[in-house]
Structures are given as C-alpha cells and as structure tokens.
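In what follows, every chain begins at residue 1, and chains take the letters A, B, ... in the order their sequences are listed.
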Protein chains: 2
Amino acid sequence: MATVQFSTKDKILGAAEELFAAHGFAGTSLRQVTSRADVNIAAVNYHFGSKENLVNEVFRRRMDQMSAQRSAQLKRALAEHPGEIEPIIAAFVEPALDMAGGRAGSGAFVRVIARAYVEKNDALRKFLSDQYGHVPREFAAALATCLPALGKAELYGRLDFLAGALTYAMADFGLIKRPPGTTEHAHRTRIADELIRFAAAGFRA
Amino acid sequence: MATVQFSTKDKILGAAEELFAAHGFAGTSLRQVTSRADVNIAAVNYHFGSKENLVNEVFRRRMDQMSAQRSAQLKRALAEHPGEIEPIIAAFVEPALDMAGGRAGSGAFVRVIARAYVEKNDALRKFLSDQYGHVPREFAAALATCLPALGKAELYGRLDFLAGALTYAMADFGLIKRPPGTTEHAHRTRIADELIRFAAAGFRA
DNA sequence: GTCTATACGTGGATAGAC
DNA sequence: GTCTATCCACGTATAGAC
C-alpha cells in the first residue's frame with residue numbers, strides 16, 4: 001500500500017482551504033498558508049499566480065462538488081417525485097447543507113461561495129455564470145413545470161430569494177443560534193427543512 | 001450665513017464612505033482616504049483608533065438611518081394595518097431598498113455589509129448585533145401576534161430567511177437583471193414587492 | 001519543471017515632537 | 001490635535017539552485 005504523496009500544490013490548497021474557512025480571505029495571509037503547508041512563500045505565486053487566483057481555485061473545487069450534487073439530486077427528485085415542489089427545492093438546499101456541515105469551521109464554505117458574489121469582479125462572475133449557470137437554469141425549468149402560472153422573471157427572482165436565504169442561513173449570518181444539546185448537523189438539517197417549507201410556500205404564492 | 005466647517009473627523013468619514021462604497025473596505029487604503037480628505041495619514045488612527053473602527057463608524061451612520069426607518073414604518077404598519085403580515089414585512093424590506101438605491105454605486109452599501117459577513121469580520125458583526133439587535137426583535141414580536149402558531153425559534157429562523165433574501169437581492173448577487181427601459185429604482189421596487197409576497201407566503205406556511 | 005532565498009513597494013499602526 | 005518618522009507584516013516579483 002503506497003503512501004499518498006501530496007504535491008506542493010495540493011498542500012497549499014488544503015492549508016488554504018482550512019485557513020480561509022477559519023479566518024476568511026482577508027484574514028488569512030499567504031505566509032500563514034505556506035507556513036501551515038510547509039512550503040516556501042514563493043510557491044503559491046509559482047503555482048497559482050496570485051492570492052486571488054488561489055482563492056478562486058479553493059472555491060472552484062467546492063463549487064464543482066456542490067453543483068454536481070444539486071444536478072444529481074434534482075434528477076432524482078424529478079424521477080421519484082414528479083410534479084412536487086418540495087423535492088426540487090430540497091435538491092437545491094441540501095447539497096449546500098452538506099457542504100456547510102461537513103467540517104469543523106461550520107458554515108465556512110458557504111461563506112467561501114458567497115464571497116464570489118460579493119466581489120464585484122465581473123470576470124469572475126462571468127466565469128461562474130458560464131461554468132455553473134446551467135444549474136439554476138435546470139431548477140428554473142423544473143419548477144416551471146410545477147408552477148405554469150409563474151413567468152420566467154418571477155421564477156428567477158424567487159430562485160434568487162431562495163439562494164439568498166440559503167446562503168445567509170448556512171453561513172450563520174443570522175439570529176438563529178444552535179440550541180444546546182443538539183449537534184451542528186441536526187441543527188442545520190432542521191434549518192434546511194424549515195427553509196424548504198418557507199420557500200415552497202413562497203414559490204406557490 | 002456661516003460657511004460650514006468640516007472637522008477633520010467629518011472629512012475622513014465622508015471620504016471613507018465614498019471610497020468604501022466604490023471599492024469595498026479591503027480595497028480602500030487609509031492613505032487613499034486621508035489623501036482624498038486632505039488630512040494627514042495619522043489622523044485616522046488618532047480619531048478612530050483603527051481602520052476597522054473607521055469602518056464601523058461609516059456604517060453606523062447608514063445603519064442608524066435604516067434601523068430608525070424600519071422601526072418607524074413598523075409602528076405605522078401596526079397602527080394602520082393591525083393583524084396584517086404584508087405591511088410588517090414591507091417595513092423590514094423597503095428601508096433597505098431606499099438605502100440600496102439611494103446613491104450612484106447602486107447596491108454598494110448593502111454589498112459592503114454583506115462583505116463584512118463574508119469576510120467573517122467578527123468585530124463588525126458583533127457591533128451590528130449589539131447596536132441594532134433590537135430591531136429584528138421588534139419585528140419578531142409584531143409577527144408573533146399575527147402568527148400565534150409559530151414558535152419563537154421558527155419566527156427568528158424565518159426572519160433570517162427574509163434578511164438573507166433581501167440582502168442577496170439588493171446587492172445584485174443574483175440572476176435577475178434589470179430589464180432595459182426601466183429605472184434602477186423601479187426595478188428595485190418591483191423586486192421588493194415580489195419579495196414581500198414571497199416572504200408573506202413563507203411566514204404563513 | 002519545481003522550489004527557494006531574497007528583495008521591493010505598500011499596507012496599517014504607533015511614538016514622540018510640536 | 002496634528003504631524004513626521006518609523007516599524008513590521010503583507011502580497012508580489014525575480015534570480016538562480018536543483
């Protein structure tokens with residue numbers, strides 16, 4: 001059984017992911033990253049070109065994963081529960097929940113995703129739209145068959161409301177605190193269930 | 001008629017607000033701020049202690065304004081439309097809309113607030129919570145009388161969903177594009193109306 | 001191709017003179 | 001209250017070793 005060899009690039013990505021999750025992007029220096037990864041400070045610029053590009057790469061890995069989960073779960077929802085709204089919304093919400101709860105710095109990776117929108121970087125937003133734009137389109141199409149009375153603009157608008165509520169809740173921005181005696185995962189699952197109910201009613205309005 | 005005298009402190013605040021709105025606070029250096037304000041670089045640390053504290057002060061002015069508008073509009077809603085949900089939600093949503101559309105860099109202010117959360121600026125988050133936490137509590141109390149079946153936890157959770165959807169929509173994060181031929185303000189007003197309908201249905205779920 | 005040592009310019013912050 | 005001078009950490013760039 002061969003020992004796994006981590007390349008310098010992978011070590012940087014792993015260390016950056018952990019530190020970004022714990023302290024945010026502005027709060028993490030490249031010197032912290034390279035120190036934790038046990039590589040030279042110059043390696044990050046050699047492999048990634050800039051800090052911004054490193055952030056993008058860390059972000060892209062998670063986004064690929066979440067988008068794939070969303071598409072797969074949507075496909076299952078349409079096959080197993082045709083005509084129902086809740087399973088479609090669940091397919092949008094739950095993969096984000098998995099990502100948020102999957103590690104110690106809870107909610108951090110939703111923050112990582114949210115950053116892409118906060119940055120007013122038009123090139124990055126175009127990249128995201130080109131790369132992942134098909135996913136919201138799939139959801140809009142799926143919801144349109146359940147809600148024929150809604151126009152395309154209304155549908156996209158409400159998907160935005162859902163995405164905003166989801167991001168905010170999963171990133172721990174809000175008022176809700178986890179009750180003592182419940183696990184982090186149970187708490188997030190409960191929030192997700194409530195969001196699905198809330199949004200389903202909103203879409204039907 | 002006396003010429004208005006701007007103190008060094010006010011000149012810094014004014015310059016900082018413009019630059020933060022345009023480039024975000026990570027993208028704005030204190031040297032840019034003090035250069036535009038035509039004051040010495042050390043003045044900002046003398047008057048505000050740190051860049052972080054300056055950020056707090058700049059946003060406190062706007063947040064005071066928005067929170068006061070929300071409270072006032074909530075009071076009117078309860079007096080004029082007792083027992084109705086939509087006017088309560090409107091009292092939460094519409095002051096944010098005013099703030100988002102009130103200046104050239106549309107959505108810039110909301111975006112900067114969102115950035116504070118994304119960047120995991122815990123000090124700013126605590127500051128916002130301490131200073132303005134009473135406002136969501138007022139809204140929760142108002143909604144509780146309309147929706148006696150909802151528990152306190154559910155109520156706070158749904159207010160978080162509303163706040164997230166609102167922030168996301170006002171900061172232009174989402175899919176919706178302003179249709180050609182409509183003004184920025186008309187577009188935001190339309191989004192606000194749709195959010196109020198969406199959220200009212202969600203609260204009733 | 002990879003990686004390291006090192007240097008450059010800019011950032012926020014501070015001490016002390018006035 | 002305000003300014004000059006200075007400090008140290010930061011992101012980045014480059015020359016050269018392996």
Considering only residues two or more places apart or on different chains, which pairs with a residue in residues 134-144 of chain A satisfy side-chain hydrogen bond (donor to acceptor under 3.5 Å, both in side chains)?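 Non-adjacent pairs meeting side-chain hydrogen bond (donor to acceptor under 3.5 Å, both in side chains): A:S71-A:E138, A:H134-A:E138.
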Identify, with sequence neighbours excluded, every residue that meets side-chain contact (heavy atoms from CB on, under 4.5 Å) alongside [X].
X     : answer
B:A91 : B:Q73, B:L74, B:F139
A:N45 : A:L30
A:A42 : A:N40

Any pair counted as ring pair (Phe, Tyr, Trp, His ring centres under 6.0 Å), so long as it reaches residues 186-205 of chain B, sequence neighbours left out: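 Sorted result for residues 186-205 of chain B: A:F161-B:F198, A:F198-B:F203, A:F203-B:F198.
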By the 4.0 Å heavy-atom rule, please label B:T28 as base, sugar-phosphate, or nothing.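 Here B:T28 touches the backbone only, sparing every base.
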Looking for any heavy atom pair under 4.0 Å, which part of the strands does B:S7 touch: base, sugar-phosphate only, or nothing?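 Touches nothing.
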Between the protein and nucleotides 12-18 of chain D, are there any N/O to N/O pairs under 3.5 Å, and if so, what are the atom names and distances?
{"residue": "D:dT12", "atom": "OP2", "partner": "A:K51", "partner atom": "N", "Å": "2.8"}

Spacing between [X] atom [atom1] and [N] atom [atom2], to the nearest angstrom:
X     : N      : atom1 : atom2 : value
B:I12 : D:dG1  : CD1   : P     : 12 Å
B:F48 : C:dG12 : CZ    : P     : 15 Å
A:K11 : C:dT2  : NZ    : P     : 14 Å
B:Q32 : C:dG11 : CD    : P     : 7 Å
B:N53 : C:dT14 : CG    : P     : 12 Å
A:H47 : C:dC3  : NE2   : C1'   : 7 Å

Quick one: is C:dT2 close enough that its OP1 or OP2 comes under 4.0 Å of any side-chain N or O from A:Y46?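 For A:Y46, the contact criterion (side-chain N or O under 4.0 Å from OP1 or OP2 of C:dT2) is met.
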Between D:dG11, C:dG12, C:dC3, which nucleotide gets closest to the side-chain atoms of A:S29?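 Nearest to the side-chain atoms of A:S29, counting from C-beta on, is D:dG11.
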So, for A:R188 and A:A169, which heavy atoms are closest and what is the spacing to 0.1 Å?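 A:R188 and A:A169 have their closest heavy atoms at NH1-O, 4.4 Å.
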